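Throughout, residue positions are numbered sequentially from 1 according to the sequence presented. Read the numbers this way: they start at 1 and go in the same order the structure lists the ligands and their atoms. Predicted model, so just to flag it, every value in this text is computed and none were measured.
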Amino acid sequence: MSKAQVKFDKKSVYFVPLGGCGHFGANLNLYHYDGQWLALDCGMGFADERYPGVDILLPDPSFIEKQQDKLAGLIITHAHEDHIGGVVQLWPQLKCPVYATPFTMEALKRKLDEAPYGKDVPLIEIPNMGKADIGPFKTEWVNMAHSIPDTSSIIIKAGDVTIFHSGDWHFDPKPTVGHSCDEARLTQLGKEGVHAYVGDSTNAGVPGVSGSESDLHDDFLKLFKRAKGKIGVTLFSSNIGRLQTVLTAAEETKRYVCLVGRSLKNMADIATQFDLIDTSHILTEDQAAHMSNNQIVYVMTGSQGEARAQLPKVAKGEHPTVSLGQGDMLIFSARAIPGNERAITDMRNQLTISGVEVVTPRDHHIHISGHPAQDEVLKMFDLIKPNAVIPVHGEYAMQLAHQNLAKKNKVPFSILPENGTVVKITKDKIEQVGQVEANLLAFDQKRILPLDHPSIRERRKLSFNGTAFVTVLIGHALHDIFDIQLSTLGLLDEESDEGVEVLEEIIDTIGQDLLTLSNKEWQNDAMVEEKIRVSTRRYFRDWLGIKPIIIAHLVRDSD
Ligand SMILES: [Zn+2]
Ligand SMILES: [Zn+2]
């Protein structure tokens, strides 16, 4: 459907995801009613090797930016980066009040403290299980379990339509920190009627259930009892429940815990502020340095091999205060986010070479997902009995698995959206009515660029095909060539005999080709430059079978 065709009826309810569909992360969801909009979550995603030089992806808010005055508010469902991590960069394009429950709000405040306009953001704290009228939307927060405390689903009532937007969740009957899902409210909601369920697809392809955080305690304790030397544990810094599992096992084996990494200390600090963890066994890095090996557990960031995090530095033996070696144990208590596998494997290899025993979720029950597997998704359908399902939060295959579950469970309607898909929701059905612009953005160090920006495309080409820079100095008289200089990146070993020979050969080829230009062509700089490019490109194509980027620079001697 053409993007120009979308017409929004003032009184109709629409759902438009601007991020989070077809690609993991960078969630941004919009709901429309009565001429106004409500946004849910504004997160970031990780870029992979397809986008060299780019670490972070953001949703593109330009569709809603154009009607900023109609955006009534932004709700953040929980403090994971794929839901909260875009607020600091993108709020200037949204300029609306931001709603969140207390723990999530504290995490957001700390982020905004570092932004120049942080103080301008109107923040409205909602109590857990609270309600708020945001423009024409009546919203209600429902407690859910997830791998970070204080996670909520949102019930949205717009006119006569009720939507249940799940955010991230799983059924954890016994979380170590925070609340489990409010199943009583979900059951009640099912009786009231849900016209659309917009839900988490992450693990919709995984059979069974995700499990409970408290089930991990036994294996942690077993490992801690067996360990003779230092123990390292790496986890996602926001996984406060997991941190408590580690703290408990440490206390039971008379070990102290040292937190290493800024984001981990920050999250633990918030958790302490909300009285969620027991900090009596936590030591600073200085204090930890005085303990013997069998008395300490280092909890570290860097489970994904991120260069700036702590564990990769420990693995390389470059960390200023923490070292792991022969007789020590490192527990990987996190999953690998797709795209990070290479960095993680390298890190594990480095640790193993140093004599560290590396323990992964494959060998022991030391990690569970915070997203619902198939049986949990089916249980959710059973509780809230939705008339329609819109699978979001995941790659296409995950969304499709979610949609298939809905179909198998005889949910009457389902639509699998892409970013930008416009879904009209009524009491009777849902309907795809169009598509709006919704590309991802790249947060490129200090700039925000479209993901298909020429600079990123060129970088990719550079990294695959290399570059040749040619500078030619010529005079005005026909075929007066004073100098040709050539240097390359990613193509040759210019120091080697072969490299020198090839460079000379190309310079020769360019010189020969320039001699074929007519006087008229010779006087035209653009034509001479084009000849240089074509000549160089042809050489590399015939010789190496690749097409490097050729930068040709012509200097004309004015004498
Ligand atoms: Zn999450
Ligand atoms: Zn998420």
Chi angles and distances behind the ring-ring contact (aromatic ring centres under 6.0 Å, His included) call for His393, His83: CA-CA 10 Å; His393 197 285; His83 297 257; 5.2 Å; yes
Side-chain atoms of residues 131-141: list all donor-acceptor pairs with protein atoms under 3.5 Å, sequence neighbours left out, distances to 0.1 Å.
{"residue": "Thr139", "atom": "OG1", "partner": "Ala132", "partner atom": "O", "Å": "2.7"}
{"residue": "Glu140", "atom": "OE1", "partner": "Arg185", "partner atom": "NH2", "Å": "3.0"}
{"residue": "Glu140", "atom": "OE2", "partner": "Arg185", "partner atom": "NE", "Å": "2.6"}

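Residues satisfying the salt bridge (Lys or Arg N to Asp or Glu O under 4.0 Å) test with Lys379, not counting sequence neighbours, are Glu183. In this structure, Tyr396 has no ring pair (Phe, Tyr, Trp, His ring centres under 6.0 Å) partners at least two apart in sequence or on a different chain.
Taking the Zn ion (ligand 1) as reference, His146 places its N/O/S atom NE2 nearest.
Around the Zn ion (ligand 2), protein atoms of type N, O or S found under 2.8 Å number 4.
Ring geometry for His371 against Phe24 counts as perpendicular: the plane angle is over 60°, on a 0 to 90° scale with 30° as the lower cut.
Side-chain atoms of Glu376 come within 3.5 Å of backbone N or O of Phe171 as a donor-acceptor pair.
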